[in-house]
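Read through the structure below, which is laid out as structure tokens, and then see the notes.
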Amino acid sequence: MNERSDDLFEQRRAKAERLRALGADPYPIRAHGTHTAAQALALFARREAGEADTGATVSVCGRLRPLRIMGKKVIFAHLEDSTGEIQVYFKRDVLGESGWAVLEQLEYGDFIEVRGPLFRTKTGEITIEAHALTVLAKALRPPPEKWHGISDVELKFRQRYLDLLSSAETRLRFQRRSQIISAIRRFMDGRGFIEVETPVLQSEAGGAAARPFTTYFNALDEQRYLRISLELHLKRLLVGGLDRVYEIGRIFRNEGVDALHNPEFTMMESYQAYADYLDVAAMVEQLVATIAHDVLGSTVVPHGETTLDLTPPWRRVTMRNALIEHAGLDFEDYRDEARLRGWMAEQRIHAAPEAGWGKLIDEVFSERVQPHLQQPVFVMDYPVELSPLAKRKPDDPGLVERFEPFVGGFEIGNAYSELNDPIDQRERFVAQLAARNRGDDEAELMDEDFLTALEHGMPPAGGLGIGIDRLVMILLNEPTIREVLLFPQLRGRASQRPHDA
RNA sequence: GCCUCCGUAGCUCAAUUGGCAGAGCAGUUGACUCUUAAUCAAUUGGUUGUAGGUUCGAGUCCUACCGGGGGCACCA
């Protein structure tokens, strides 16, 4: 902390002391607002329409925007809350000398409560004429620049509150994120799903191909993993007879950070007994369209320079055909791993040495197909090697009944007809162990508890996972996951915290 | 982990070839009784991310480190 910001801090602290001396507690316990900014504006509009008299007073709480001081007798300012802002008119002979003395100690960033009647200024803006003024919280540090707000991305993420308080756009983005999640719950609840909660701390981290975070359970003297998916516990609930379940929860993957990845992110998974992946696909396009309509009012959403049309039905294409179309590769001609590696070398596509056939196919797909998948599309029928928890296609046991919805060039989810044959499931785990022994440290581990559950009988079911953060990115036209997370992960700064005193 | 770009006042940004570190906002002082990023006048505020080095002279060049952006790797 340098001298400069100490100066600003001390100046503001001195004002707080002066407020105390004036008998105005700078941090009172209670506020007594009667209306939000938006409610006050609406109230006055109704009164002008003749629905009530125009004289009654309101009391509004909020954060003070920069003061417009017109001499020693008049000050205009806006008061901002989460519903918007309303102008306040401070007139010295109306407010009174004691109120004016308090006002002189206030500035941009302070929280106050203003009581008085509503009126329209000469320029037509609905305004509160301040008859009484109460300090609610004196800010000791200056807010960001009033016009540009925060543009330093590091400050924006480390001190997101500064971004929020100075950017209505940022506030709206996170309000909409919340509305999207509410809309998901409404949709799922409306279809008879029940929301459940399963453990974050697990003995084995399964259900996805990812490295887990580890932690330690002292009381039991055992290692624990933070979950990397919700899948294996939710399927146990199908065994238990809960036919339609979903969970919205944070999952953790010990991986790098980029525009599409944050190590902790939010997933919605659902499992529906007696359904298959085609039923799930129909649900997904309906779900996304419903959310878009509820939150944005349209199923056509802006996306960079273009738009995305989320209106059902979405295109369906098999993974094989997508590869033929965009990569010129028919994987049925390259079932041999060595032959596939040769083709990839010719095409200059990176091939990880420890990758098996399935992972190689996935690399080709990511490299050559995925960037083309801008408009929503379901990519169907994945190689069994990539999908150890999905049911095989009856007419093609090398493939599974699985799809991923792609929008904007990346996948927003994953779904399949759930594998409920315990013998096949055990064999898949064995194959995963082989991959792990070959060096794939993200292969699934044998989960005996889960296998025991399957052996008790799990109904046929369609399962779904949707990455909420990525869905929000698509719906709100945000190119990076960081902008839809309030506090994205950053390297810690123990010695150089920007604003901690 | 590797490559690359960036880091200047509380915030938003300047600074020519290596040649006196500057502006707007915020703050302070003054003027102004209907303003809208109020306006006008004056003014405080800097170890240029940190530590070294080259040089008569470094915000600028070099090295290392810290933090961030982008790319690669990783991530179905």
Side-chain angles (χ1 to χ4, degrees), chain A residues 1-12 14-15 65-78 85 87-94 107-109 119-125 127 129 139-159 162-163 166 207-211 228-229 253-263 265 319 350 352 355 358-363 365-366 370 379 382-383 385-390 402 404 410-411 413-414 440-444 465 467 480 482 488 490-499:
Chain A
M1 195 54 58
N2 61 37
E3 283 180 36
R4 170 64 186 143
S5 63
D6 276 347
D7 281 353
L8 295 177
F9 186 87
E10 288 306 330
Q11 282 173 8
R12 282 176 171 254
K15 288 176 189 169
R65 296 282 306 164
L67 274 52
R68 299 187 289 278
I69 302 171
M70 323 295 301
K72 288 190 161 58
K73 294 176 181 171
V74 168
I75 295 178
F76 283 92
H78 279 86
E85 60 178 14
Q87 182 168 256
V88 183
Y89 174 56
F90 298 100
K91 197 176 179 193
R92 189 165 186 166
D93 52 17
V94 171
E107 60 208 304
Y108 177 27
F119 73 107
R120 256 185 216 280
T121 62
K122 286 176 185 169
T123 53
E125 180 163 354
T127 301
E129 182 182 64
L140 298 185
R141 295 185 188 279
E145 210 266 353
K146 66 182 178 185
W147 189 243
H148 301 94
I150 291 286
S151 69
D152 181 313
V153 292
E154 187 178 352
L155 268 188
K156 195 158 80 168
F157 299 143
R158 287 192 195 279
Q159 297 178 271
L162 295 179
D163 182 29
S166 61
R211 268 178 284 268
I228 58 173
S229 88
R253 296 183 182 178
N254 206 338
E255 292 155 3
V257 177
D258 65 25
L260 291 177
H261 298 87
N262 191 68
F265 61 103
M319 181 178 235
H350 173 81
K359 285 202 91 162
L360 292 174
I361 289 294
D362 190 56
E363 285 179 18
F365 183 84
S366 301
Q370 208 170 305
V379 177
Y382 283 61
E385 292 87 343
L386 277 176
S387 316
L389 301 166
R402 170 185 176 186
E404 291 189 323
F410 55 83
E411 74 274 28
N414 185 20
D440 181 355
D441 56 2
E442 291 171 349
E444 292 277 346
T480 75
R482 283 186 297 266
L490 296 174
R491 197 176 293 273
R493 295 186 78 182
S495 59
Q496 284 191 7
R497 292 189 200 140
H499 271 133

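Quick note: numbers below take in every heavy atom, side chains included, and nothing from hydrogens, waters or symmetry partners. Only a predicted model underlies this, so the values are computations on that prediction, with no experimental measurement involved. We name chains A, B, ... by the order of the sequence lines, and we start the count at 1 in each one.
- Here the P atom of nucleotide B:C75 and the CD atom of A:Glu411 are 13 Å apart, to the nearest Å.
- Contact annotation: A:Arg211 does not reach the phosphate of B:C74 (side-chain N/O to OP1 or OP2, under 4.0 Å).
- When atom types are taken as modelled, the side chain of A:Glu444 and the backbone of A:Gly207 share a donor-acceptor pair closer than 3.5 angstrom.
- Of the C1' atoms belonging to B:U4 and B:U44, the separation is 40 Å, rounded to the nearest Å.
- Using a 4.5 Å heavy-atom cutoff, the side chains of A:Met319 and A:Ile361 are in contact.
- Spacing of C1' atoms, B:U35 relative to B:G46, comes out at 34 Å, to the nearest Å.
- Within 4.0 Å of A:Lys15, counting heavy atoms only, lie sugar-phosphate atoms of the nucleic acid but no base atom.
- Aromatic rings of A:Phe76 and A:Tyr89 (six-membered ring for Trp) have centroids within the 6.0 Å cut-off, being under it.
- Among the protein residues, A:Gly358 comes within range of no part of the nucleic acid, since none of its heavy atoms lies under 4.0 Å from any strand.
- Nucleotide B:A37 holds its P atom 20 Å from the CD atom of A:Glu107, rounded to whole Å.
- A:Asp258 places its CG atom 15 Å from the C1' atom of B:G68, with the value rounded to the nearest Å.
- The phosphate of B:G67 has OP1 or OP2 within less than 4.0 Å of a side-chain N or O from A:Arg491.
- A distance of about 14 Å separates the C1' atoms of B:C25 and B:G45, rounded to the whole Å.
- For the OP1/OP2 pair of B:A38 and a distance below 4.0 Å, the side-chain nitrogens and oxygens of A:Arg65 include no atom meeting the criterion.
- Residue A:Glu255 contributes atom CD, which lies 15 Å from atom C1' of B:G1 at whole-angstrom precision.
- Nucleotides of RNA chain B nearest to A:His148 and A:Ala209 differ in position, and the one nearer the 5' end is that of A:His148.
- Comparing the P positions of B:A15 and B:U60 gives a spacing of 15 Å, expressed to the nearest Å.
- Residue contacts shown for A:Glu145 include a base, since a base heavy atom lies under 4.0 Å away.
- The phosphate of B:G68 (OP1 or OP2) has a side-chain N or O of A:Arg158 nearer than 4.0 angstrom.
- Side-chain atoms of A:Leu67 and A:Phe90, non-hydrogen and from C-beta on, never get closer than 4.5 Å to each other.
- At least one side-chain heavy atom of A:Arg12 sits less than 4.5 Å from a side-chain heavy atom of A:Glu107.
- Rounded to a whole angstrom, the distance from the C1' atom of B:G18 to that of B:A58 is 6 Å.
- A 4.5 Å side-chain heavy-atom check between A:Gln370 and A:Glu411 finds at least one atom pair inside the cut-off.
- At a cut-off of 3.5 Å, with distance as the only test, a side-chain donor of A:Asn414 or A:Arg402 sits close to an acceptor on the other residue.
- Judged by distance alone with a 3.5 Å cut-off, a donor-acceptor contact links the side chain of A:His261 to the base of B:C75.
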Polar atom pairs between nucleotides 33-35 of chain B and protein, under 3.5 Å, N or O only, would you list them?
unit_1	atom_1	unit_2	atom_2	d
B:C34	O2	A:Lys122	N	3.0
B:U35	O2'	A:Arg68	NE	3.4
B:U35	O2	A:Arg68	NE	2.7
B:U35	O2	A:Arg68	NH2	2.8
B:U35	O2	A:Gln87	OE1	3.2
B:U35	N3	A:Gln87	OE1	2.8
B:U35	N3	A:Gln87	NE2	3.1
B:U35	O4	A:Gln87	NE2	2.8
B:U35	O4	A:Thr121	OG1	3.0

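- At least one donor-acceptor pair closer than 3.5 Å links the side chain of A:Thr127 to the backbone N or O of A:Glu125.
- When heavy atoms are screened at a 4.0 angstrom cut-off, A:Ile75 is found touching no nucleic acid atom at all.
- For B:U39 and B:U55, the C1' atoms lie 49 Å apart once the distance is rounded to whole Å.
- Distances shown here put every side-chain N or O of A:Lys146 at or beyond 4.0 Å from the OP1 or OP2 atom of B:A37.
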Trace of the side chain to side chain contact (heavy atoms under 4.5 Å, CB included) decision for A:Arg68 with A:His78: CA-CA 9 Å; A:Arg68 299 187 289 278; A:His78 279 86; 3.4 Å; yes
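- Of the C1' atoms belonging to B:G1 and B:G59, the separation is 31 Å, rounded to the nearest Å.
- Each of A:Ala210 and A:Asp152 lies near RNA chain B, and the nucleotide nearest A:Asp152 is the one positioned closer to the 5' end.
- Distance alone, capped at 3.5 Å, places no donor-acceptor pair between the A:Gln159 side chain and the A:Leu162 backbone.
- For A:Lys359 and B:C75, the shortest distance from a side-chain N or O to OP1 or OP2 is below 4.0 Å.
- Note: CG (A:Leu155) to C1' (B:G7) measures 11 Å, nearest angstrom.
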5'-to-3' dot-bracket of RNA chain B (Watson-Crick, G-U; under 3.5 angstrom; crossing pairs as [ ]; | other strand): (((((((..((((.....[..)))).(((((.......))))).....(((((..]....))))))))))))....
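- Only the P atoms considered, B:C56 is 27 Å distant from B:U47, to the nearest whole Å.
- Summarising the geometry, the separation between CG on A:Leu67 and P on B:A38 is reported as 10 Å, rounded to the nearest angstrom.
- Regarding A:Gln370, its CD atom lies at a distance of 11 Å from the C1' atom of B:C75, rounded to whole Å.
- Residues A:Pro263 and A:Asn254 have side chains not in contact (no heavy-atom distance under 4.5 Å, counting atoms from C-beta outward).
- The separation between A:Glu363 atom CD and B:C74 atom P is 6 Å, rounded to whole Å.
- Remark: A:Arg65 pairs with no residue by the salt bridge (charged side-chain N to carboxylate O under 4.0 Å, His left out) rule, at least two apart or across chains.
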